There are 2 protein chains.
Amino acid sequence: MRTLYHPNIEEITVEGILHAFSDPVRIDIFASLAASECAKNCSTFLNIQKQALPKSTLSQHFRILREAGLIRSERKGVELINSTRCEELKDRFGPMVLAIIEAYEKQQKAG
Amino acid sequence: MRTLYHPNIEEITVEGILHAFSDPVRIDIFASLAASECAKNCSTFLNIQKQALPKSTLSQHFRILREAGLIRSERKGVELINSTRCEELKDRFGPMVLAIIEAYEKQQKAG
DNA sequence: ACATTTGTTCGGTATTATTGAACTATTAAA
DNA sequence: TTTAATAGTTCAATAATACCGAACAAATGT
């Protein structure tokens, strides 16, 4: 298990972010992380969106979020704890990420 | 050639929009349409992003933008003229679409 | 009618996504 | 110090999408 790659803030692209968000599971994970007080490990999301996901699939989704520059994953013992990079992202991309998450949450509430 | 499908505003989803924008060609087309005074036909974009695109590929990209609810295409004689649905989208999704396009344009300017 | 222009559809190929199984890394227990 | 348990990654096979050339369709002009 090699060290996890996190892009520098200047390497992050709009298309990369949008691609990461274009998957329902991934935007749900990110929205959940953004709404949460504390960082969460990956397994927290084994059941998301009313479907049980295989952990290999979940691992890929986290990798895509991480390599798009949206989240940071740090090893803490046997698990990874994940947090968003919202502050950095706001500096570089303005209100984009927040506007996406707010639109998504509004949509979810509307059912 | 059957009539072109355009979703109603309430059928449009955040994920659908983000998927449509996740392709560099498509976000470029949309940004160009949004920046333009007048609507444009599809062939305007046969050369975009320094690469010549086959018209079948371009047609698919327009279909995806259209079915995501981002653009409206109307037949005018032998061609289709395309325009964004920015006003409707703003009513439903707030500043999301504008924030995405502004972040994208800023990125493009930065090279 | 015939040609031209604009765009769509079809079908084969190429790329990307999903996931079970095997593996790695860390911690705890025996 | 093995042994087991937990958390997550990697691999490889399959499934789903995307790309694009060729044939087609629709509207207009000659």
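On a predicted model such as this, the values are computed, not experimentally measured, just so you know. Every chain is numbered from 1 and lettered A, B, ... according to where its sequence line falls, protein lines coming before strand lines.
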J.: When you check the phosphate oxygens OP1 and OP2 of D:dT9, does a side-chain N or O of A:Arg66 lie under 4.0 Å from one of them?
T.: yes
J.: Show the distances under 3.5 angstrom between N or O atoms of the protein and N or O atoms of nucleotides 18-21 of chain C.
T.:
from, atom 1, to, atom 2, distance (Å)
C:dT19, OP2, A:Thr57, OG1, 3.1
C:dG20, N7, A:Ser56, OG, 3.1
C:dG20, O6, A:Ser56, OG, 3.3

J.: How would you list, by chain and number, every residue that makes a side-chain contact (heavy atoms from CB on, under 4.5 Å) with A:Leu98, sequence neighbours excluded?
T.: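 Partners of A:Leu98 by the side-chain contact (heavy atoms from CB on, under 4.5 Å) criterion, ordered by chain and then number, come out as A:Glu102.
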J.: List for me each residue that meets ring-ring contact (aromatic ring centres under 6.0 Å, His included) alongside B:Phe21, sequence neighbours excluded, and say none if there are none.
T.: B:Phe30
J.: My understanding is that only residues two or more places apart in sequence, or in another chain, count here; which of them pass side chain to side chain donor-acceptor pair (under 3.5 Å) with B:Ser73?
T.: B:Arg66, B:Asn82
J.: Looking only at side-chain N and O atoms, does A:His19 come under 4.0 Å of OP1 or OP2 in C:dA17?
T.: yes
J.: Return each pair, listed once, that meets salt bridge (Lys or Arg N to Asp or Glu O under 4.0 Å) where at least one residue sits in residues 77-89 of chain A; pairs must be two or more places apart or across chains.
T.: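 Qualifying pairs: A:Arg72-A:Glu88, A:Arg85-A:Glu88.
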J.: Looking at residues 33-48 of chain B, who's got a heavy atom less than 4.0 Å off DNA chain C?
T.: B:Asn41, B:Cys42, B:Ser43
J.: Restricting to pairs with a member in residues 16-27 of chain A, which pass side chain to side chain donor-acceptor pair (under 3.5 Å), not counting sequence neighbours?
T.: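 Sorted result for residues 16-27 of chain A: A:Arg26-A:His61.
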J.: Can you list everything that forms a side-chain contact (heavy atoms from CB on, under 4.5 Å) with A:Glu10? Sequence neighbours excluded, please.
T.: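 A:Glu10: side-chain contact (heavy atoms from CB on, under 4.5 Å) contacts with A:Asn8.
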J.: Do the side-chain N and O atoms of B:Lys40 and B:Ser32 include a donor-acceptor pair separated by under 3.5 angstrom?
T.: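 The answer is yes; a qualifying pair exists.
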J.: Apply side-chain contact (heavy atoms from CB on, under 4.5 Å) to B:Pro24 and list each qualifying residue two or more places apart in sequence or on a separate chain.
T.: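 With neighbours one apart ignored, the set is A:Glu15, B:Gln49.
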